[in-house]
*Asks:* 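The structure's right below; bear with me while I get my questions together.
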Amino acid sequence: MRTARSFAVVLLALFCVAMGVAIGTGYPARAQQSTTGGFDHAKTGFPLTGGHLGTECTSCHVKGRFSGTPRMCAGCHDGSQALGKPPGHPPTSNACASCHSVAGWSQTRYDHKEASGPCTSCHNGSHAQGKPLSHIATQAACETCHTNTVSFAGTQFNHSGTVSGCVSCHDGITATGKPQGHVPTTAACETCHKSTTTFAGLNFNHAGITSGCASCHNGTKAKGKPQGHVQTTAACETCHKSTTTFAGVNFSHTGITSGCASCHNGTSATGKPQGHVQTTAACETCHKSTTSFAGANFSHTGITSGCASCHNGTTATGKNQGHVQTTAACETCHKSTTSFAGANFSHTGI
């Protein structure tokens, strides 16, 4: 019995010397090396690398156990024999080695293929990067929009069910906001923008708009004056009373006493009809009404000839049926430009 016990002690002593263990000195055993005292640990099929190089033999070989020593991380790193998963460890069925390197626990590369549980169980700003301060305000799960486990970029926000509060994201920082040339308004985005896939095709709600049209209708933000528009500095709403069409406009002629032809040119507004009196005089010379072309009084001042060019029965009153048969010019007999009466027929040559 004593001989067997002594033999076992000798064997243990020899092994400890081979492993570099200081016996009876009161000092801790030396750190392992891949080859210590002629013993090549790699031959066991478990080479010592990284953090294992500085680990004491007895940390793994507990109570002199060599055969059956665990080879999987979790066999030792169970929280009892060696440091295991902390309470706040991300939920996963992955083996430790899938993410953790033997160089250290902090050098982790997480494998999302075996991830279990919601993203926020890790991406909470503590275990892993979470929502930044400028993140869109939402209660939706991360994976609702983030479908890539390699990058947070390239995210498509799901607008399903979103009908209000657009500006909480579309502020120019979190998401695209109003461009510089946007119509000046304090109305909510969704007042005009009805699509969550495009900003195009919107209809501006003019309800309550009674002035300031030119702030938008300037040809850039919204349709402005066409090239042939009446020349005026008056505000749009002076004449345009409809917010749905530019047609049906009534121009206010109040205070207009000259320059009629600048609009009444047949393009911007009604001009001279085909049978109009031949004249270069300004419209307002004869037309005194701004509501009707009727009732015009032609000013004959300075007219001494060419009467028939107007008094032809179409443009102006011409010869009546009982008129004296003559080819003489009107002005040969008619000397008044206000009345046909009192004409004196010249019998010269008769």
*Asks:* Are side-chain heavy atoms of Cys142 and Pro118 found at a separation under 4.5 Å?
*Replies:* no

*Asks:* How long is the span from the SG atom in Cys145 to the CD1 atom in Ile136, to the nearest 0.5 Å?
*Replies:*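 It comes to 7.0 Å.
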
*Asks:* Can you name the nearest heavy-atom pair linking Ala234 to Thr232, along with the distance?
*Replies:* N-OG1, 2.9 Å

*Asks:* Look up atom OG in Ser151 and atom CG in Asn148, then write down how far apart they are to the nearest 0.5 Å.
*Replies:*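 So the gap between those two atoms works out to 5.5 Å.
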
*Asks:* Is Lys178 reaching over with its side chain to a backbone N or O of Thr185, donor-acceptor style, under 3.5 angstrom?
*Replies:* yes

*Asks:* Are any side-chain N or O atoms of Thr315 and backbone N or O atoms of Gly275, one a donor and one an acceptor, separated by less than 3.5 Å?
*Replies:* yes

*Asks:* Could you tell me whether Ile350 atom CD1 has more than 12 heavy atoms of other residues or ligands within 6.0 Å of it?
*Replies:*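 Correct, the count exceeds 12.
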
*Asks:* Which of parallel (below 30°), tilted (30 to 60°) and perpendicular (above 60°) describes His253 and His264?
*Replies:* parallel

*Asks:* Tell me if a side-chain donor or acceptor on Lys288 pairs with a main-chain N or O of Gly295 at a distance below 3.5 Å.
*Replies:* no

*Asks:* Which distance, rounded to the nearest 0.5 Å, do you find between the CD1 of Ile209 and the SG of Cys216?
*Replies:* 8.0 Å

*Asks:* If you look at every heavy atom in His206 and Thr243, which pair is closest and at what distance?
*Replies:* CB-CB, 3.5 Å

*Asks:* Taking the side chain as C-beta and beyond, is there a heavy-atom pair between Ile303 and Glu331 under 4.5 Å?
*Replies:*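 Contact flag for Ile303/Glu331 side chains = no.
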
*Asks:* Should the ring pair His77 and His52 be called parallel, tilted or perpendicular, given that the plane angle runs from 0 to 90° and is split at 30 and 60?
*Replies:* tilted

*Asks:* Calculate, to the nearest 0.5 Å, the distance between atoms SG and CG belonging to Cys213 and Asn218 respectively.
*Replies:* 11.5 Å

*Asks:* Could you tell me which non-hydrogen atom of Ser339 sits nearest to which non-hydrogen atom of Ala341, and how far apart they are?
*Replies:*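 Shortest heavy-atom contact: OG-N, 3.0 Å.
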
*Asks:* Between the side chains of Thr174 and His135, is a donor N or O closer than 3.5 angstrom to an acceptor N or O?
*Replies:*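 Note: Thr174 and His135 side chains miss the donor-acceptor criterion.
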
*Asks:* Any non-hydrogen side-chain atom of Phe157 less than 4.5 Å from a side-chain atom of Thr144?
*Replies:* no

*Asks:* Would you please classify the geometry between the His229 ring and the His240 ring as parallel, tilted or perpendicular, with 30° and 60° separating the classes?
*Replies:*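 Correct class here is tilted.
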
*Asks:* Check for a donor-acceptor pair, side chain of Thr155 on one end and backbone N or O of Phe152 on the other, with a separation under 3.5 Å.
*Replies:*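 Judged by distance alone, yes, a pair lies under 3.5 Å.
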
*Asks:* Is Thr120 reaching over with its side chain to a backbone N or O of His123, donor-acceptor style, under 3.5 angstrom?
*Replies:*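 Checking the backbone N and O of His123 against the side chain of Thr120, no donor-acceptor pair under 3.5 Å is found.
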
*Asks:* So, for Thr138 and Lys131, which heavy atoms are closest and what is the spacing to 0.1 Å?
*Replies:*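 Shortest heavy-atom contact: O-NZ, 3.0 Å.
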
*Asks:* I need the Gln156 CD to His146 NE2 distance, nearest 0.5 Å.
*Replies:* 11.5 Å

*Asks:* Does the plane of the ring in His61 sit parallel, tilted or perpendicular to the ring in Phe66? Use 30° and 60° as the thresholds.
*Replies:* tilted

*Asks:* Are the side chains of Val167 and His170 in touch, meaning some heavy atoms are under 4.5 Å apart?
*Replies:* no

*Asks:* Contact between His159 and Thr197 at the side-chain level, heavy atoms closer than 4.5 Å - yes or no?
*Replies:*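 When only atoms from C-beta onward are counted, Thr197 and His159 do not touch, as no gap falls below 4.5 Å.
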
*Asks:* Supply the atom-to-atom distance Asn344 CG to Cys333 SG, rounded to the nearest 0.5 angstrom.
*Replies:*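 Atom-to-atom, Asn344:CG and Cys333:SG are 8.0 Å apart.
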
*Asks:* Phe298 versus Thr337: any side-chain heavy-atom pair under 4.5 Å?
*Replies:* no

*Asks:* Is the closest side-chain heavy-atom distance between Phe251 and Thr238 below 4.5 Å?
*Replies:* no

